[in-house]
Amino acid sequence: MEFGISDYYIIGELITCWGSVLICINTLLSYALYDKHQRFFLGAAASTLLASFFNIISVHFITNFSDKPLYSCTIITTLYFLVLLICPCIMTCYVFDMAIQSKKKLNNLTMAAGMVLLVYVFLVILNITTGWIFTYDEVKGYVRGPLKNLTYFLSFGYGLAIVITAVIQRRFLARRIFCVFIAYPFISLFFVGIQFFFPKLILTGVASFTSVLFAYVTIQSYTMEINMKTGLMMDSRLRKRISTQRRGGVLFVMTIDNINMIQSSLDASELNQLFLQLGKIFMTHFPRNAYIISINRFAAIGKSVDDVKVKSALIFEDIKKLSSDINSLIPIPIESYSAALEFSREENDYDSMIDLVNSMLVRAKAAQLKSLQICDESVFVDRERKRYIYRILRRELTLESEQFQVWYQPIYSIKNNRFEYMEALSRLMKTELGDIPPQEFVQVAESRGLIEMLGFVAFEKVCKFISDNRNTVNAVSINFSVYQMMNPNVVQNVLNTIERFSLSPSNIIMEITESIFIDNYELVMKHMLELAKAGVKFYLDDFGTGYSNLTNVISLPFSTIKMDRSLVLAMEDGQKGVSLFFDLVSTFKEVGFKILVEGVETNNQNYLVERAGVDYIQGFLYSRPLPPQECVELLKRAGVPAVES
């Protein structure tokens, strides 16, 4: 009989073997083994291949048992039964891994699925002597035992476990993944049912392979263009959609500004739930048009500006509600900014559009504009200005530049009643565009990859300033960015520069903002400890502007805490602000920190911070930032402490 052995039909098993081989080869050659989910598919395909292969050989032995030794027939059929349920077990564990968020529960369920398989394997091995599942008779040949339907029941059990898990854990699964998991066992059971009612039609391997192929093709194609955490389409689809949009549209982009703080405060399951909820919010209001560009940036395409305005308002309301929901877990609101850009069929260059939207988002963040920003002529003007600033920075970031300057703001010691040191502040002066505000050129430097160069050039200028004014300047504090602190050579660069200008490390105070530690704690801590050991001092800058982790503050080599101006202003709002400030100062001083307050501009503010017991004051009340020579002259007039050797 064609594609058969005696009256058994094996065409399905032959196709299964070939298809399983292709899946295994594709998985191995695609470097997908770095992804544990792909290893599940590899295991499922390999076990299906073995099951189909042994099934074909077993059928041959069953139909020709009289010509074969009975023990060889028993061995081959036993091998078939041994590998038969490996695929259903692996795919059940795959669903557990995708859907279960609790690590303990995942381990328990995976272990339970594995134990069922182990018990089954034990029964199959025991069958050699008991004949509970099958046996070979010298006259009758292959004879089914009392547990002949065990494989059907266990296959049904694994399928039921998949369905129950998918239903219970639905909120943790993207919609398309949920549908795949629900359909998977029914596809398998369909072929198992045919096999049950028509034993001569060999479809055991087909049942497993068809289900695995369905999950593999669907989820593989899904993961290529769909973000698994959110269920949203990737930016590759967004690029394609914009290029093929016949009537144009409106590109809407929203960025979660404080995603790093949120990530560091939630565990893995809570974070996955947050991303999934964000994805559902976007898909609710922009079905089939919602995308994720990066970990903190979401996008959608609307029909018109008015359409996007309405839907963005609804999204903001939903995110506000989501933010209040996670507030029970962490006291951090979801801070977001958004922008919209209208495009036509003729003007739809994706990279240019994203560049424009990024400019709008940066401007919105700088001005703290929470409302939707619509692209207008000012956006184009702003983009051209930033390009011009970038060219100026590329030209002027040198030690000799007279346009890129470092100014200094003296810092007053209450205990010694005099200016003791100063803070370095970068300035871009007298350019073709006039004087450029620091917040503007720093943003350009960050977005165009110049921030590290800017920081080190400023540091060189500070070292030269101290070297040129040794008899007057004791120490200068200067801000170091995350980009500088992440540089693997930062310790060597800093110490070499200090040595080049014949300075002592104690002449340098590095100001670090705590946001640096969110993703890079170990590396930054290593660099800080090495520099502190060499004699460099560290100040924690901008305390009070974020969500400070006091463990970081205490465990790192900070000598001084720099209180942000917002805490000073809070004192003027009422007694709560005064009490908070006083308590913070008292707490930090009790554990050995000195306190520096910045932004003091009025006599009342000065009175309050002095009463709180701070050590140093910085602000316009004492002095504005000054050019280098003017600052030196001020120190000389006011009197300075003896310079440390």
Student: Between Leu361 and Arg297, is any pair of side-chain heavy atoms under 4.5 Å apart?
Tutor: yes
Student: With sequence neighbours excluded, tell me which residues meet salt bridge (Lys or Arg N to Asp or Glu O under 4.0 Å) with Lys320.
Tutor: none
Student: Side chains of Asn127 and Phe81, heavy atoms from C-beta outward: is any pair under 4.5 Å?
Tutor: no
Student: Would you indicate whether the side-chain heavy atoms of Leu278 and Leu322 approach each other to under 4.5 Å?
Tutor: yes
Student: Please give me the minimum heavy-atom distance between Met254 and Phe282, naming the atom from each residue.
Tutor: CE-CE1, 3.7 Å
Student: Within the 3.5 Å criterion, strictly below it, is a donor on Asn296 or Ser294 matched to an acceptor on the partner's side chain?
Tutor: yes
Student: For the atom pair CG (Leu123) and CG (Leu118), what is the distance rounded to the nearest 0.5 Å?
Tutor: 11.0 Å
Student: Could you please spell out the steps behind the ring-ring contact (aromatic ring centres under 6.0 Å, His included) verdict for Tyr80 and Phe54?
Tutor: CA-CA 5 Å; Tyr80 160 68; Phe54 284 125; 8.4 Å; no
Student: Report the C-alpha distance between Val163 and Phe181 in whole Å, list the side-chain angles of each, state the deciding distance to 0.1 Å, and finish with yes or no for side chain to side chain contact (heavy atoms under 4.5 Å, CB included).
Tutor: CA-CA 7 Å; Val163 172; Phe181 288 166; over 6 Å; no
Student: Check whether Tyr158 reaches the backbone of Ala113 with its side chain - one donor and one acceptor, N or O, closer than 3.5 Å.
Tutor: yes
Student: Ignoring hydrogens and angles, state whether a donor on the side chain of Ser312 or Ser338 is under 3.5 Å from an acceptor on the partner side chain.
Tutor: no
Student: If you measure from CD1 on Ile319 to CG on Leu314, what distance do you get to the nearest 0.5 Å?
Tutor: 11.5 Å
Student: Indicate whether the side chain of Asp307 and that of Ser304 have a donor and an acceptor atom separated by less than 3.5 Å.
Tutor: no
Student: Does any donor atom in the side chain of Thr77 or Tyr136 lie under 3.5 Å from an acceptor atom in the other side chain?
Tutor: yes
Student: How about Arg144 and Asn149: does a side-chain donor come under 3.5 Å of a side-chain acceptor?
Tutor: no
Student: Under the 3.5 angstrom rule, does the side chain of Asp235 hit a backbone N or O of Leu238 as a donor-acceptor pair?
Tutor: no
Student: Considering only heavy atoms from C-beta outward, does the side chain of Val253 approach that of Phe298 to under 4.5 Å?
Tutor: no
Student: Do Arg239 and Asp351 touch side chain to side chain, with heavy atoms closer than 4.5 Å?
Tutor: yes
Student: Of Leu147, Thr78, Leu84, which meets side chain to side chain contact (heavy atoms under 4.5 Å, CB included) against Val124?
Tutor: Thr78
Student: How many angstroms lie between SG in Cys93 and CG in Leu117, if you round to the nearest 0.5 Å?
Tutor: 8.5 Å
Student: Would you confirm whether Asp318, through its side chain, and Ile281, through its main-chain N or O, come within 3.5 Å as a donor-acceptor pair?
Tutor: no
Student: When rounded to the nearest 0.5 angstrom, what distance separates CG in Asp257 from OH in Tyr337?
Tutor: 5.0 Å
Student: Are any of the side-chain heavy atoms of Ile182 and Phe178 separated by less than 4.5 Å?
Tutor: yes
Student: Please name all residues satisfying salt bridge (Lys or Arg N to Asp or Glu O under 4.0 Å) with Lys526, sequence neighbours left out, ordered by chain then number.
Tutor: Glu530
Student: Side-chain contact, heavy-atom cut-off 4.5 Å: Lys68 with Phe61?
Tutor: yes
Student: Is the Lys NZ or Arg CZ of Lys311 less than 6.0 Å from the centre of Phe252's six-membered ring, within 45° of the axis?
Tutor: no
Student: Less than 4.5 Å apart, side chain to side chain, heavy atoms only: is that true for Thr92 and Thr165?
Tutor: no
Student: Decide yes or no on side chain to side chain donor-acceptor pair (under 3.5 Å) for His527 and Asn487, but give the supporting numbers first.
Tutor: CA-CA 9 Å; His527 291 161; Asn487 188 318; over 6 Å; no
